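See structure below.
By convention in this document, chain letters (A, B, ...) are assigned in the order of the sequence lines, proteins followed by strands, and residues within each chain are numbered from 1. Predicted, not measured: the structure shown is a model, and the values here were computed from it.
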Amino acid sequence: MTQALGYLKETASQTAGPYVHIGLIPHMAGFDIFQNNFGNVLVGAQTKGEHIVIEGRVLDGTGTPVRDALLEIWQANAAGRYNHPADRQNKPLDDGFRGWGRTGAEFDTGLYRFETVKPGKVPGRDGRMMAPHINFWVVARGINIGLSTRMYFADEAEANTADPILNAIEQEVRRGTLVAQRSSRGGKTVYTFDIVLQGDNETVFFDI
Amino acid sequence: MNIQRQDFRREGDAPAEPFIPARNPLEFFQRDRDMHPPAYAPIYKTSVNRSPRKALLSLEQSLSEVTGPVFGHNDIGILDNDLIKNYAKTGDPIGERIIVHGQVLDECRRPVPHTLVEFWQANAAGRYRHKKDTYLAPIDPNFGGCGRTLTDENGYYFFRTVKPGPYPWRNYVNSWRPAHIHFSLFGSGFAQRLITQMYFEGDPLIKICPIVHTIPDEEAINRLVAPLDINAAVPHDCLTYRFDIVLRGRRSTLFENRLEGN
Ligand SMILES: [Fe+2]
């Protein structure tokens, strides 16, 4: 026998289930209950930086849209700083920009959508800059533990080439699964980012 | 006695610094995935087409993972932790009145203060207020079925509700969910993000539920089962269940006092 280390064990994950909207986005379940609701618009008119739209679908192993997926994003502001006390970089915070949003896929089309700003670069572990990216977290019925991934920007080719995380993906052919394509529609910049849960084009997911 | 200390530094080197064991003090412990359900768990049929099959890429955490959204009391309404009152229209909802309380801790037993806890559930008949739920049991006009709260400085939380009913679901022909409450937790960094479900002591459906048994570890399942906490009941009013939740530990808690930023 040895001394006991005494650590607790992390609580086990369970699927968010088909009715996750009730708790996290009740208006999508069909009712209104909270005074303040969390949503998919991270920005106001005053938010600094390039305003962008992100949209896409979560697809299952058969290519079918996952219409009950819930997605969250977490990102730095346009200056490249996270609104969190552990980020002590000497860069400005942007008042009112939390950097977090949540939405559900549309029940009919499976499309999700966020309105935000393009984040600046933040340093990686060794102090070198990572390419601009947005952290994604996806849950749904049938997903037993939340899936973590990142979205990078196609128009940041040079930064992407140097990014330590993209470079850690052994099969180069898979790196593209994390890169959103840029287009413009109705005067807005739109990045399209589909997340593929399974199959040949499976998105790279992280154990973070 | 005068001990001669060898000094290997050369002129021009930076001054000596105290040894700090954590390379990145903010990072979280590696997740023990043996206690979590695997993505692919064929007894839960929906997971078959929704499970990644390639290996996850293990990522050493950067600022992107050790930070996460911060919530405050402005985000929460006064009735948000009272499911008996937060959707009451003509009276209180039908069902066993209960309080659920507990502490959110990390793996180092440290409380996780001021973190957002969200919860949702079926009503006492096992029916969700959701446009996609078609179970024949009735909607309760006075029950929404969701709430949220922030933990206090000791990681403690509580809310009031009615005990949810079990309900049937399409997996096998005769599959039933045990009574449960869904929980969503943030912690202090996005790497701690967690969704789970709380079950009730003594429910015979727990041991035959495919979703429960996606979890491969029996002890990990037991930790999802909330015991009746009779001492915390409110006489003539409410029974109480206790549900403690553990989020991933953080390295800085191992070598405290000298490290900033947590
Ligand atoms: Fe449920």
Side-chain angles (χ1 to χ4, degrees), chain A residues 6-24 26 29-31 33-36 60-62 66 74 82-88 98-100 122-125 130 133 135 137 139-147 165 168-169 197-198 202 204-208, chain B residues 24 26 35-37 39 41 46-47 49-54 56-70 75 77 80 86-87 105 107 109 118-120 128-133 144-146 182 184 190-191 193-197 211 214-215 220 223-224 245-248 261:
Chain A
Y7 293 114
L8 298 174
K9 294 282 199 181
E10 188 190 12
T11 299
S13 172
Q14 290 269 261
T15 181
Y19 307 123
V20 59
H21 314 89
I22 292 177
L24 305 189
F31 66 106
I33 186 166
F34 298 135
Q35 290 161 338
N36 302 307
D60 75 8
T62 71
V66 175
W74 168 241
Y82 286 103
N83 190 354
H84 184 278
D87 187 339
R88 304 191 157 203
R98 175 151 37 199
W100 172 81
V122 296
R125 283 172 68 92
M130 298 189 280
H133 64 273
N135 307 288
W137 184 77
V139 294
R141 174 174 67 100
I143 294 178
N144 288 325
I145 180 165
L147 298 170
I165 306 307
I169 302 169
L197 297 182
Q198 190 185 97
E202 189 174 304
V204 174
F205 296 104
F206 302 131
D207 187 9
I208 58 176
Chain B
N24 180 353
L26 293 172
M35 294 173 344
H36 287 285
T46 313
S47 77
N49 281 319
R50 293 184 168 190
S51 42
R53 299 298 168 83
K54 302 192 194 306
L56 302 179
L57 178 64
S58 291
L59 218 60
E60 291 191 289
Q61 294 157 21
S62 68
L63 267 183
S64 298
E65 290 76 35
V66 302
T67 59
V70 176
D75 292 310
D80 283 6
N86 71 5
Y87 203 76
L105 300 163
E107 291 172 302
R109 300 177 184 270
E118 298 165 287
F119 21 86
W120 67 100
Y128 281 101
R129 181 174 289 282
H130 191 291
K131 56 182 165 195
K132 296 286 179 189
D133 187 358
C146 59
H182 298 263
S184 158
F190 214 41
R193 192 81 180 82
L194 182 73
I195 278 185
T196 189
Q197 300 181 29
I211 288 179
T214 58
I215 299 171
R223 289 194 292 271
L224 297 185
I245 299 163
V246 180
L247 302 179
R248 294 166 70 180

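Atom CD1 of residue A:Ile145 and atom CE of residue B:Met35 lie 9.0 Å apart, to the nearest 0.5 angstrom. Interatomic distance, CD of B:Gln197 versus CD1 of B:Ile215, reported as 8.5 Å (0.5 Å rounding). Note that CG of B:Leu56 is 7.5 Å distant from CG of A:Leu147, once rounded to the nearest 0.5 Å.
When each of A:Ala16, A:Gly124, A:Gly30 is checked for heavy-atom pairs under 4.5 Å with chain B, A:Ala16 comes out on top. Across B:His182, B:Lys131, B:Arg223, the residue that shares the most heavy-atom pairs under 4.5 angstrom with chain A is B:Lys131. Between chain A and the options B:Asn86, B:Asp133, B:Leu105, heavy-atom pairs under 4.5 Å are most frequent for B:Asp133. Most heavy-atom pairs under 4.5 Å with chain A: of the set B:Gly144, B:Ala220, B:Gly145, B:Ala41, this distinction falls to B:Gly144. Interface check for chain A: of the options B:Pro52, B:Gly77, B:Ala39, the most heavy-atom pairs under 4.5 Å are formed by B:Pro52. Ranked by non-hydrogen atom pairs under 4.5 Å with chain A, the options B:Thr46, B:Leu247, B:Ile245 are led by B:Thr46.
Of the possible polar contacts, none joining the A:Thr15 side chain to the A:Asn144 backbone as a donor-acceptor pair under 3.5 Å is found. At distances below 3.5 Å, not a single donor-acceptor pair connects side-chain atoms of B:Arg248 with backbone N or O atoms of B:Glu107.
For A:Arg141, the parts sitting under 4.5 Å from any heavy atom of chain B are the backbone and the side chain alike. With a 4.5 Å cut-off on non-hydrogen atoms, A:Val66 touches chain B through its backbone and its side chain both. If you measure heavy-atom distances from B:Ala191 to chain A, the contacts under 4.5 Å come from both the backbone and the side chain. With a 4.5 Å cut-off on non-hydrogen atoms, B:Ser58 touches chain A through its backbone and its side chain both. Contact of B:Glu65 with chain A is made through the side chain alone, with heavy-atom distances under 4.5 Å. Only the side chain of B:Leu224 has a heavy atom closer than 4.5 Å to any heavy atom of chain A. Both the backbone and the side chain of A:Asp87 have a heavy atom closer than 4.5 Å to some heavy atom of chain B. Within the 4.5 angstrom heavy-atom criterion, atoms from both the backbone and the side chain of A:Phe206 approach chain B. Proximity to chain A (any heavy atom under 4.5 Å) is restricted, for B:Ser184, to the side chain, taken from C-beta onward.
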Criterion ring-ring contact (aromatic ring centres under 6.0 Å, His included) on B:Phe190 and A:Trp100, from CA distance to verdict: CA-CA 10 Å; B:Phe190 214 41; A:Trp100 172 81; 8.0 Å; no
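With sequence neighbours excluded, the residues that form a salt bridge (charged side-chain N to carboxylate O under 4.0 Å, His left out) with B:Asp80 are B:Arg148.
Remark: B:Lys54 does not engage A:Glu202 in a salt bridge, criterion side-chain N to carboxylate O under 4.0 Å.
In this structure, B:Tyr128 has its ring center at least 6.0 angstrom away from the ring center of B:Trp120.
Here the closest heavy-atom approach between residue A:Val139 and residue B:Ile195 is recorded as CG2-CD1, 4.1 Å.
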